[in-house]
Amino acid sequence: MTETTDTTPAFPLIISVDDHTVEPADVWQNRLPKKYLDTGPRIVRAPLKEMTFLGGRFKPVMGAPGSDGPLGDWWVYEDLHRPLTRLDTAVGYSRDEIKLEVITYEQMRQGSYDVPSRLADMDVNHVQSALCFPTFPRFCGQTFTEAADRELGLLCVQAYNDWMVEEWCGPDARGRLIPLTLIPLWDAELAAAEVRRNAARGVRAVAFSEIPPHLGLPSVHTDDWDPFLAACDETGTVIAMHIGSSSRMPSTSADAPPAVGSTITFANCCFSMVDWLMSGKFERFPQLKVMYAEGQIGWIPYILERADVVWEENRGWGGVADKVHRPPSELFAEHVYGCFFDDAFGLKNLDAIGVGNVLYETDYPHSDSTWPKSREVGEAQMGHLAPDLVERIVRGNAIELLGLTPEGLWSRT
């Protein structure tokens, strides 16, 4: 769907494969059994005692009721206390106003959690459709994996998925919001069942961890994940991995400022992609597709070059000869998608990546978001590309990968 003028094609309406939702306060309170309402996720307004973000680690401490400190809305779940922060919903604020601070729902942009307001903000940003990652569950639902009560954790995962499909992507969204669901990461059989449950209602994407061992889970080199991977392979469900979905942002030292990690956010995606390419999983599950949200794309050409050299020259002792039978670059072309919102270098090297392996995103409402100028950023960075290539990057690849209608909308059928 490209708007045209009498002279040159206008920039296509964007399908963003990486935006975010801030869950409304009642998501779990409306869906959990009554016996879990006091331990399940709920919002409490409380002061902040202290909060740091160093070495890639976010450490907030909630103050006692009535104590000094700025007030914010906190998610409370078992023993976890996690505040809403300005970094969760930064759009509409100048860069100098975006600081590490707690906020309330009233202090965030309404489009962060309200569907009609979100659609209005998408209109402002030339965005037609958007796939949204979670906030409180974190990028692949690891909040529920780290909890003590696994029965409650499974119910929380299912409640989130029901809200995602029935409300966030429900009738009011008019097909413009694309569902992304979670799995119980601690059990691959339960994960497979949840993939199939959601696939039956039209879901084509599931969140997963970029580096599962960082969460205390098996790596993709084991067979432990095979039931989950088989379900994704059979149902055409894309595995979506966001930076930070291993609960660890890249950094260099415990005292490194956040700017260090922000510069190298792609690193986990880089490590993860090599894991997958050398795992043999793409040959065992030939329909499997994976995507890396917010990882950018400029780093990909060298990694593919190096992976091919290692596979060709070192596979005899490198532990992959018996399971990876094709050059990693070929496997990448068939199975892997890189996602970007601001990567002029990557776009200049698109031939080395593959136009069919690139997806566009806006990262609304995070601090890195290009909202409300995603169109202008795209036009500036893709001006050297032919209109048909721009169309593929901005929407065509996403339509094909996520099984959207030809018009770029999500449908349950």
Side-chain angles (χ1 to χ4, degrees), residues 137-148 150 153-154 157 180-199 205-250 267-293 295 303-304 306-308 310-311 314-332 334-337:
R138 310 216 300 282
F139 295 141
C140 66
Q142 59 265 55
T143 293
F144 304 125
T145 300
E146 295 166 358
R150 288 289 167 79
L154 177 60
V157 167
L180 172 69
T181 53
L182 304 176
I183 55 169
L185 290 161
W186 59 90
D187 188 313
E189 294 285 356
L190 290 176
E194 190 62 12
V195 166
R196 292 188 173 96
R197 182 176 82 95
N198 291 306
V206 63
F208 190 64
S209 174
E210 61 208 347
I211 307 176
H214 286 345
L215 303 179
L217 299 169
S219 79
V220 297
H221 299 288
T222 70
D223 294 335
D224 297 71
W225 293 108
D226 284 5
F228 164 65
L229 300 182
C232 293
D233 183 75
E234 294 164 12
T235 60
T237 299
V238 179
I239 296 176
M241 293 172 281
H242 195 285
I243 58 168
S245 56
S246 58
S247 294
R248 233 184 255 188
M249 292 298 288
N268 281 356
C269 297
C270 174
F271 298 159
S272 176
M273 190 179 82
V274 176
D275 251 353
W276 281 88
L277 292 176
M278 298 299 187
S279 70
K281 298 303 183 185
F282 292 139
E283 295 185 68
R284 291 191 59 195
F285 302 101
Q287 305 306 315
L288 205 60
K289 309 285 186 183
V290 304
M291 57 169 269
Y292 288 99
I303 293 300
L304 294 179
R306 177 60 183 166
D308 278 0
V310 170
W311 177 82
N314 300 336
R315 64 178 180 266
W317 60 265
V320 295
D322 61 339
K323 58 183 179 180
V324 182
H325 304 104
R326 298 166 56 198
S329 60
E330 290 185 11
L331 298 173
F332 171 88
E334 295 178 7
H335 299 275
V336 184
Y337 294 78

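On a predicted model such as this, the values are computed, not experimentally measured, just so you know. Both backbone and side-chain heavy atoms feed into the values below; hydrogens, waters and symmetry mates do not. Numbers here simply count residues along the sequence, with the first being 1.
- Heavy-atom minimum distance, Ser279 versus Lys323: O-CD, 3.5 Å.
- Once rounded to the nearest 0.5 Å, the distance linking CD of Glu194 with OG1 of Thr237 reads 11.0 Å.
- Remark: the backbone N or O of Ile211 is not paired with any side-chain donor or acceptor of Ser246 at under 3.5 angstrom.
- Between Leu180 and Ala207, the shortest heavy-atom contact is CD1-N, 3.6 Å.
- For Glu283 (side chain) and His325 (main-chain N/O), a donor-acceptor pair under 3.5 Å exists by modelled atom type.
- With contacts defined as side-chain heavy-atom distances shorter than 4.5 Å, the pair Glu210/Asp275 does not qualify.
- In this structure, CD on Glu334 lies 7.0 Å from NZ on Lys289, to the nearest 0.5 angstrom.
- Side-chain N or O atoms of Trp276 include none that pairs as donor or acceptor with a backbone N or O of Val220 at under 3.5 Å.
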> What do the steps show when you test Leu154 against Phe144 for side chain to side chain contact (heavy atoms under 4.5 Å, CB included), and what is the final call?
Replying inline: CA-CA 8 Å; Leu154 177 60; Phe144 304 125; over 6 Å; no

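- Here the side chains of Trp311 and Leu277 are not in contact, with every heavy-atom distance at 4.5 Å or above.
- Residues Glu234 and Arg196 share a closest heavy-atom pair of OE1-NH2, 2.7 Å.
- In this structure, Phe282 and Val290 have side chains that are in contact, with non-hydrogen atoms separated by less than 4.5 Å.
- Separation of atoms CZ (Arg150) and CG (Leu190) is listed at 10.0 Å; rounding is to 0.5 Å.
- Annotation: side chain of Thr235 is not in contact with side chain of Asn198 (no heavy-atom distance under 4.5 Å).
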>> Set out, in order, the CA-CA distance, both residues' side-chain angles and the distance that settles side chain to side chain contact (heavy atoms under 4.5 Å, CB included) for Asp226 and Arg284, then state yes or no.
In response: CA-CA 9 Å; Asp226 284 5; Arg284 291 191 59 195; 2.7 Å; yes

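- The shortest heavy-atom contact between Leu304 and Ser329 is CD2-CA, 4.2 Å.
- Counting only heavy atoms from C-beta outward, the side chains of Arg197 and Thr181 never approach each other to under 4.5 Å.
- Using a 4.5 Å heavy-atom cutoff, the side chains of Pro328 and Met278 are in contact.
- Between Leu185 and Gly141 the shortest heavy-atom distance is CD1-C, 4.4 Å.
- To the nearest 0.5 Å, atom CZ of residue Phe228 and atom CZ of residue Phe208 are 5.5 Å apart.
- With hydrogens and angles ignored, the 3.5 Å screen pairs no side-chain donor or acceptor of Glu189 with any backbone N or O of Asp187.
- The shortest heavy-atom contact between Pro227 and Ala188 is CB-O, 3.9 Å.
- Looking only at side-chain heavy atoms (C-beta outward), Val157 and Leu182 come within less than 4.5 Å of each other.
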>> Evaluate Val238 against Tyr337 for side chain to side chain contact (heavy atoms under 4.5 Å, CB included), listing each step before the verdict.
In response: CA-CA 10 Å; Val238 179; Tyr337 294 78; 6.0 Å; no

> Can you list the steps and then say if Leu217 with Ser209 is a side chain to side chain contact (heavy atoms under 4.5 Å, CB included)?
Replying inline: CA-CA 10 Å; Leu217 299 169; Ser209 174; 5.7 Å; no

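- Residues Phe285 and Cys232 have side chains not in contact (no heavy-atom distance under 4.5 Å, counting atoms from C-beta outward).
- Salt bridge Lys281/Asp233: absent, no basic N to carboxylate O contact under 4.0 Å.
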